[in-house]
Amino acid sequence: QKEVEQNSGPLSVPEGAIASLNCTYSDRGSQSFFWYRQYSGKSPELIMFIYSNGDKEDGRFTAQLNKASQYVSLLIRDSQPSDSATYLCALRVQGGSEKLVFGKGTKLTVNP
Amino acid sequence: DAGITQSPRHKVTETGTPVTLRCHQTENHRYMYWYRQDPGHGLRLIHYSYGVKDTDKGEVSDGYSVSRSKTEDFLLTLESATSSQTSVYFCAIRAGQGSDTQYFGPGTRLTVL
């Protein structure tokens, strides 16, 4: 049962552009959403979390959540080659569980 | 790195041998998790723990067991390793009270020949 869907990519953008990463989910009761960045050969690193509908900004990163449409997105402004990585979307499973479910990730390449 | 270490970092073993991976944390977090990551499957939860001696299964628990006798250590055991268990294994902790964010250890690359 797939609960979190991401376009596997690869997504390629030029340096300085906005990268848009999208994630859809099936569990309408999900309340907590996370974006992780994973460089090749490294462990996932938390970038942002978002709980409420709307936008949440942190530096060059903006997370957007739309619970009615069941999607969450991550925008990276002024993309840099160092942003090249796989981005994982995750959500907390409904029902008091302390578990997260992850998407398979979108590979982003920022070209100099 | 959220004070998480994993050992060993790399291991090559043969089919049928037992293998134990260790996750160690220094910050007294209650929740700890074991994931495996495979191409085409992403991160999948194997087992998790919500306290000393309290554990539960994840979505891919067959062939794995866990133990947590101390807050700081969470062990993952492959009783009889198979080639399908070749993977990268990540341990994670859940951040403190009122938070459901998880932070990951550096990972263990396991190859079963």
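Here is the naming used below: chain letters follow the sequence lines, and residue numbers restart at 1 for every chain.
Taking all atoms of both residues into account, the shortest heavy-atom contact from B/Y103 to A/L46 is OH-CD2, 3.6 Å.
Cluster membership for B/V60 and B/W34, using ILVMFWY side-chain heavy atoms within less than 4.5 angstrom, is shared. Note on A/Y71 and A/F61: separate hydrophobic clusters, where clusters join Ile, Leu, Val, Met, Phe, Trp and Tyr whose side-chain heavy atoms are under 4.5 Å apart, directly or indirectly. Under the 4.5 Å side-chain heavy-atom criterion for grouping Ile, Leu, Val, Met, Phe, Trp and Tyr, A/F34 is not connected to A/L75 through any hydrophobic cluster. Residues B/L21 and B/V88 share a single hydrophobic cluster, defined by chaining ILVMFWY side chains whose heavy atoms lie under 4.5 Å apart. Hydrophobic clustering of Ile, Leu, Val, Met, Phe, Trp and Tyr side chains at less than 4.5 Å, counting indirect connections, unites B/Y50 with B/L76.
For B/E14, the CD atom sits in a loose shell: 12 or fewer heavy atoms of surrounding residues, nucleotides or ligands are nearer than 6.0 Å. Counting heavy atoms of neighbouring residues, nucleotides and ligands inside a 6.0 Å radius, atom CZ of B/R109 does not exceed 12 of them. Other residues, nucleotides and ligands contribute more than 12 heavy atoms inside 6.0 Å of the NZ atom of A/K56.
No part of A/Q6 comes within reach of chain B, as not one of its non-hydrogen atoms sits under 4.5 angstrom from that chain. Only the side chain of B/Y35 comes within less than 4.5 Å of a heavy atom in chain A; its backbone stays farther off. Neither the backbone nor the side chain of B/E59 comes within contact range of chain A, judged by heavy atoms closer than 4.5 Å. Of the two parts of B/L43, the backbone and the side chain both hold a non-hydrogen atom closer than 4.5 Å to a non-hydrogen atom of chain A.
When atom types are taken as modelled, the side chain of A/K104 and the backbone of B/G40 share a donor-acceptor pair closer than 3.5 angstrom. Judged purely by atom type and a 3.5 angstrom limit, A/S43 uses its side chain to pair as donor or acceptor with the backbone of B/G105.
B/Q37 contributes atom CD, which lies 6.5 Å from atom CG of A/L88 (distance to the nearest 0.5 angstrom). Rounding to the nearest 0.5 Å gives a distance of 9.5 Å between CZ of A/R92 and CD of B/Q102.
Between A/L100 and B/Y48, the closest side-chain pair of non-hydrogen atoms is not below 4.5 Å. The side-chain heavy atoms of A/F49 and B/D100, taken from C-beta on, include no pair separated by under 4.5 Å.
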